[in-house]
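Reminder, nothing fancy here: chain letters follow the sequence lines and each chain counts from 1.
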Number of protein chains: 2
Amino acid sequence: MSPRAGLDTHTLVLAAAEIADEQGIEEVTLAALAAKLGVRSPSLYNHINGLQGLRSLLAVHGLELLYAAMSAASVGLKGDAAVHAMGQAYIGFARQHPGLYETTLRAPEEGNPELKKASEQVLSLIIEVLSGYELGAEGELHAVRGWRSLLHGFAALENKGGFGMPLDTNVSLNRLISTFIAGIRSMSLRE
Amino acid sequence: MSPRAGLDTHTLVLAAAEIADEQGIEEVTLAALAAKLGVRSPSLYNHINGLQGLRSLLAVHGLELLYAAMSAASVGLKGDAAVHAMGQAYIGFARQHPGLYETTLRAPEEGNPELKKASEQVLSLIIEVLSGYELGAEGELHAVRGWRSLLHGFAALENKGGFGMPLDTNVSLNRLISTFIAGIRSMSLRE
DNA sequence: ATATTATAACTAATAACATTAGTTTTGGAG
DNA sequence: CTCCAAAACTAATGTTATTAGTTATAATAT
């Protein structure tokens, strides 16, 4: 019963993130979001650029939270410890915010500068942590790709329930990270 | 202008897979599929169980093709060569059928026996190839999880254009596979 | 205090989609 | 040649996103 519900973009993004995490990314519709906020869906257009715009905002928000988690976890650490901490933080974020994490890689727009910036922030943190190993400029880039593949694959499969087997996934993650570290160690020695 | 267009389930799945690979998974709608087949969308219900049913069929079809590719690539090979060949085949399939690959992990139904069967087929092939390393029963399961994570993560990031850097992704893949192998080697020695 | 204005939220309307109900038509079995 | 199961159809409903145009209010200026 109140024109002027007092919404703003940030409130919308937070509410949408909640829907994504609690009900799944498919349920993030303007209709559902408007209902949650006690408003009619066209009203949302005063704050966001349609559904696509909302998805972009969600992606940026997710990447910022992911960066914060990874950064906080690895600050002050070096080498293997930093890699482990960062990997745990990455997967921890994906577990805590499954829907929001998923929006992170649903790259909708190519030219979005906010999105690009948020992605690069995460990327440079990864590069920094892996720079401790003697991989060379090119080897480092390959290692970054591998590290991202590994983390994203693990997060995605775990979230989808792809690891059906009754075996502690934390142990799997730890061993996988150790495997990766051991692998890049042996790669760097080989060259 | 012809009642009796002569459709069947398989034709629908193939046409839907084409849409998925050429236009993206979002464009796989019953409306688009019906248009492609020269039919009205309600007619599709004679052959599939709605959009959800079609998605399940796509997932099964994708897993079967994936299995065929992996199997053909690794037949007769052992050890590192088999792992490399299987990995290349997995990524090759994801590149060749980006949309179909994506449906593979959009697990819609839990209790679908066809889907379960197709998944287990792929899984047992992976287990077989990794059984050559001395990992122990539990270690082998962790390695399987790691191997799947790595492959899926790489496929997903590459498909989404997540590897923005101008560096040959085939080289990255080769090195990643080698890194993984080196990693599980050192893990098995450690215990 | 009162008038003005920018804009948040609204109603109404359209288009795309999935889905169900009920009808028509036809290819093949008898 | 007849008949029937089922393939394809039309019609209708409900959900969604989105646009156009309207109303009402909060903040500002007078």
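- Salt-bridge annotation for K160(B) and E102(B): present, with a side-chain N of the basic residue lying under 4.0 Å from a carboxylate O of the acidic one.
- Of the residues in residues 19-32 of chain B, those with a non-hydrogen atom less than 4.0 angstrom from any atom of DNA chain C are T29(B), L30(B), A31(B).
- Nucleotide dT24(C) holds its C1' atom 13 Å from the CG atom of N46(B), rounded to whole Å.
- Distance L51(A) CG to dT16(D) P: 12 Å, rounded to the nearest Å.
- Note on residues 140-150 of chain B: pairs passing side chain to side chain donor-acceptor pair (under 3.5 Å), not counting sequence neighbours, are S172(A)-H142(B), S172(A)-R145(B).
- Rounding to whole angstrom units, CG of residue L44(B) and P of dT20(C) are separated by 13 Å.
- Under 4.0 angstrom from either OP1 or OP2 of dA8(D) there lies at least one side-chain N or O belonging to H47(B).
- For dA8(C), neither phosphate oxygen OP1 nor OP2 lies less than 4.0 angstrom from any side-chain nitrogen or oxygen of S43(A).
- Atom CZ of R40(B) is separated from atom P of dT19(C) by 18 Å (rounded to the nearest Å).
- The side chain of P42(A) has dA12(C) as its nearest neighbour among dA8(D), dA12(C), dT19(C).
- Judged as a side-chain hydrogen bond (donor to acceptor under 3.5 Å, both in side chains), and not counting sequence neighbours, the contacts of Y101(A) are Y90(A), H152(A).
- One interatomic measurement links the two molecules: CG of L33(A) to C1' of dT18(D), which rounds to 15 Å at whole-angstrom precision.
- Protein atom CD of Q52(B) is 17 Å distant from nucleotide atom P of dT15(D), rounded to whole Å.
- Taking only side-chain nitrogens and oxygens, Y45(B) never comes nearer than 4.0 Å to OP1 or OP2 of dT20(C).
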With a cut-off of 3.5 Å and sequence neighbours excluded, list every side-chain donor-acceptor pair involving residues 121-132 of chain B.
{"unit_1": "S124(B)", "atom_1": "OG", "unit_2": "E120(B)", "atom_2": "O", "d": "3.1"}
{"unit_1": "S124(B)", "atom_1": "OG", "unit_2": "Q121(B)", "atom_2": "O", "d": "3.0"}
{"unit_1": "S131(B)", "atom_1": "OG", "unit_2": "E128(B)", "atom_2": "O", "d": "2.6"}

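- Annotation: side-chain hydrogen bond (donor to acceptor under 3.5 Å, both in side chains) contacts of Y133(A) (sequence neighbours excluded): D80(A).
- Note on residues 16-29 of chain A: pairs passing side chain to side chain donor-acceptor pair (under 3.5 Å), not counting sequence neighbours, are E18(A)-K36(A), D21(A)-H97(A).
- V83(B) and I177(B) make their closest contact through CG1-CG2, 4.1 Å (heavy atoms, listed as atom of the first residue, atom of the second, distance).
- With rounding to whole Å, N49(B) atom CG is found 14 Å from dA18(C) atom P.
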